Amino acid sequence: MKLAEVESAQLSHLLQGEGLIVQTGRFTSRINSSSENISNDILTLYGNTDFIESKLYDFNVEINPGKGLRKWLRPQITFSFSSIQPFTPLPANQATPMLEWGLNWCVSNHYHQNIIIHAAVLEKNGKALILPGQPGAGKSTLCAALAYSAGFRLLSDELTLIELDGSKVNPNPRPVSLKNKSIDIIREMVPGILCTETVHDTQKGSVSLFRPADKAVENANKPAKPGIVLFPKFNPDIAEYELIEVSRPHALVELANQSFNYPVLCQQGFEALSAFIDSSQCFRLEYNGDLAKAIEIIEDLMLYE
Amino acid sequence: MSNQIIRVLRDPECIKTFVQNDWMILVQQTYACYLTGRLAYLFKKNDLMDSIPHKVRWHFESATTMAEAHKIDISIEIKKIRQALKMTGVKPVFLKGTAYLLAEDEAGRGRTFADVDIYVPKERLGAVENALSWGGWSKEQLTPYDESYYYHWMHEIPPMIHSIRGTTLDVHHNLMPLTSRFNFDAGKLNAQDQTTPGVLPPEDRLLHSIVHLFMETSYEKGLRDLSDIDLLIKQFSSSDSRFWQVLLNRSEELGLNRLLFYGLRYAQIILGTSIVDSTFIRLKDNGMPNRFILSIMDKIVIAVMSDTKKEKSLPLQISHFALFVRGHWLKMPLHTLTYHVIHKSFNNLRDLVVNSDK
Amino acid sequence: MEPPPRFRLLKQPLSSYQDGSNIVYYLPESKQTLMLPIVASEILAKLSAAFPASIRLDSLYDSNSSKQTRKTVKKIVNVFSDIGLTEELE
């Protein structure tokens, strides 16, 4: 049974009571929340995951309104993982984005079985396409366009998990987080796509979360082989696009800098990245926002042997 | 919710009888008590990794990886601190977590901590601060209140942060607050360990650990610290048959019998640490508090140490608050205490009142 | 003229990854990565061959090396010394 088929009263009951166990990508999370909107958002974002009645879960998280007088003055929401609150509370309407950030934090701070890079990752023909990128580089928009309109399978829009022998990328398919202008771009590109209502004025601007495709969720255990590492750069002033090959040592240094747990894995992390990069090809793509063109170039790259 | 973490700390073998739900409670509690790495070490040591369900094991494996990385970070830090202090000729004594790592104590295994603590003689403090600032450490910006609090009442200077590595260094010039109710002469602690240079000898390492925990004002990591004490006692008493004798003599010399009594009592009650009977007999006349105080301490310490959910019910919050006030009481004269507690506990008090609608 | 300084390798090389033009080292002291021109690996190989003995700086390049090459070699040896891999001897 899928989560979407569960009575919404039962979902709310679980969320507010013993906790709802959700398949959140590669990991399972027990979510507890008395926040009002979160039940609907969870349905929107995780409706196509299997409903889990009882299981060993990985993360125990709560998303609850702040307590005390404040809750009447300016309602706030707190995220806690195993009773620890790693973030300062946020305005109550940011419950769902906070849950998603919190779940990413759970993985990047505790899971050291893989080397974790701050990058979007997709798969085509068994090969991984990794899109690292600083905020504003356009990695999320590109990732969403490839996942929702070009037949790529989403592995993750935020955390790329590479096996320590460098042989493969492990999927962690979770909702895609889009910001500001890219929200409308993707909503227009894919009519009827399931996403949460836009929340404005978060730390990252306006945010909306998009449900990953069924194919991404169903293949959550199917890894991808090393393929292409593409550093995107959004540049509205450029006439068309610019594609440059990046040397592997340069790419290695960039991936290490973008890794959350490189300082934890130390030499092991370096060796994982070396092995992975050795079987990948690396490029830098500067594009002017013409997504159709960018997709065309990337599809060509993926055909490379 | 049952207290699985204390069960496992007392007897790691008990996980062999664990069912699914016990594991979920245990994992939640290990994170809440900052003990994931410690348990991972205990499981490995007792050859129990295979008794952990596959789905749960990664938490403990990752915690081990993290502790190993932490050990490297700290050993780099130790080297840099020694290098920076070379010009002063001062040989720092490393304290707490860093000392456990240096001395390869069991209490250092699987443990991660935020700050490195060193002790230097008070008369060399100026030179040490100066040398550290040449080495890239600088003091955090403090409010004038905190600044004067540190200089007048504390046994350490404000934390120093390294500008490049971002690491925090606590420089102690005494091992107890200056105005402490316990008469504790830092000069007497200068003796360094015979086998490991740069740390206190075993009996002083244990005493310092106990003093710290039982003069603490925040017990968020209380159970972890009590587990350190448990492991130190086990290690020292099994490797030296004269250990109890040495410990008691030392504690008497330093005037720390009361705190030693608490340390041993709660390690024994909560974690089942075995303590030689004659030790308590000797502490009974000199160290043990009166029955009234003891019954109060028993209640609040056991409540706070067993608090694995940090889900603060009102009685539990009162226990935490009582230990907070007590910690400050032990450190300061009464008039300063009143002012300081009011100043510092404003938030705690407010939360206590405002949050009690649960 | 003063004789060129002598160097000694303190530690054997670390993990590294290279292509035809660059080499990346893993630095255990800071856990950082360090990228240098490929010539660094040749210098390190010469230093390793002499390990633990010391060698003169000018033996790291040959007599017909350009001024630019000599400068690069000197720079690299300095970087190695910064990261605690080599030490300059009096």
Side-chain angles (χ1 to χ4, degrees), chain A residues 18-19 21 23 26-30 32 34 52-62 64-73 76 78 80-86 89 105-116 161 164 170 259-270 272, chain B residues 1 5 18-37 40 52-73 75-76 112 165-167 220-221 307-312 317 347 350-358:
Chain A
E18 64 191 78
I21 301 176
Q23 189 67 46
R26 184 175 190 74
F27 303 90
T28 42
S29 309
R30 173 179 178 271
N32 219 290
S34 60
I52 302 163
E53 283 194 72
S54 158
K55 194 181 169 185
L56 288 169
Y57 47 84
D58 295 296
F59 302 118
N60 189 2
V61 303
E62 277 179 47
N64 276 316
K67 295 183 196 108
L69 284 180
R70 191 183 264 280
K71 87 177 163 205
W72 308 108
L73 302 171
Q76 284 194 320
T78 57
S80 56
F81 160 71
S82 292
S83 315
I84 297 167
Q85 292 179 5
W105 175 88
C106 284
V107 177
S108 62
N109 275 271
H110 302 104
Y111 187 71
H112 305 303
Q113 260 62 21
N114 287 178
I115 182 148
I116 307 179
L161 309 175
L164 289 180
N170 289 316
S259 166
F260 290 102
N261 59 355
Y262 182 70
V264 174
L265 290 167
C266 310
Q267 187 160 348
Q268 221 184 351
F270 181 86
Chain B
M1 187 151 77
I5 184 125
F18 268 23
V19 296
Q20 180 166 302
N21 195 41
D22 297 327
W23 280 110
M24 292 296 79
I25 294 170
L26 180 68
V27 170
Q28 139 91 24
Q29 291 177 342
T30 62
Y31 280 117
C33 299
Y34 304 89
L35 277 162
T36 323
I52 307 172
H54 180 74
K55 188 78 171 66
V56 177
R57 209 175 299 159
W58 75 261
H59 292 284
F60 299 103
E61 281 167 352
S62 281
T64 306
T65 310
M66 244 152 113
E68 291 297 319
H70 184 69
K71 203 168 140 184
I72 298 175
D73 290 338
S75 65
I76 292 170
T112 53
R165 297 190 301 280
T167 47
E220 205 190 341
K221 295 179 179 162
D307 170 22
T308 54
K309 238 198 137 192
K310 322 282 173 204
E311 173 73 15
K312 306 227 157 63
Q317 284 192 54
N347 290 343
R350 189 194 54 195
D351 290 350
L352 197 67
V353 177
V354 175
N355 288 344
S356 56
D357 57 352
K358 275 207 74 117

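By convention in this document, chain letters (A, B, ...) are assigned in the order of the sequence lines, proteins followed by strands, and residues within each chain are numbered from 1. Everything numeric in this text was worked out from a predicted model, so none of it was measured.
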Item checked: F81(A), part contacting chain B, at a heavy-atom distance under 4.5 Å -> side chain
Margin query: What's the separation between atom OH in Y111(A) and atom CD in E61(B), rounded to the nearest 0.5 Å?
Written below: 9.5 Å
Item checked: Closest contact, heavy atoms only, M24(B) versus K55(A) -> SD-O, 4.4 Å
Checklist line | Structural part of H70(B) lying under 4.5 Å from a heavy atom of chain A | finding: neither
Checklist line | Contacting region of W58(B) [heavy-atom separation from chain A under 4.5 Å] | finding: both
Check: How long is the gap from OG1 on T65(B) to CD on Q113(A), to the nearest 0.5 Å?
Finding: 6.0 Å
Notebook entry, point to check: Is the closest side-chain heavy-atom distance between V27(B) and N60(A) below 4.5 Å?
Noted result: no
Item checked: Gap between atom CD of Q268(A) and atom CD of E68(B) - 0.5 Å precision -> 10.5 Å
Checklist line | CD/E18(A): more than 12 non-hydrogen atoms of other groups inside 6.0 Å | finding: no
Note to self: Using a 4.5 angstrom heavy-atom cutoff, name the option from S62(B), A69(B), A63(B) with the most pairs to chain A.
What the structure shows: S62(B)
Checklist line | salt bridge (charged side-chain N to carboxylate O under 4.0 Å, His left out) involving K55(B) - partner list, sequence neighbours excluded | finding: D58(A)
Notebook entry, point to check: What part of N114(A) lies closer than 4.5 angstrom to a heavy atom of chain B: side chain, backbone, both or neither?
Noted result: neither
Item checked: Atom group of L56(A) that falls short of 4.5 Å from chain B, counting heavy atoms -> both
Item checked: Set of residues satisfying side-chain hydrogen bond (donor to acceptor under 3.5 Å, both in side chains) with respect to Q23(A), sequence neighbours excluded -> none
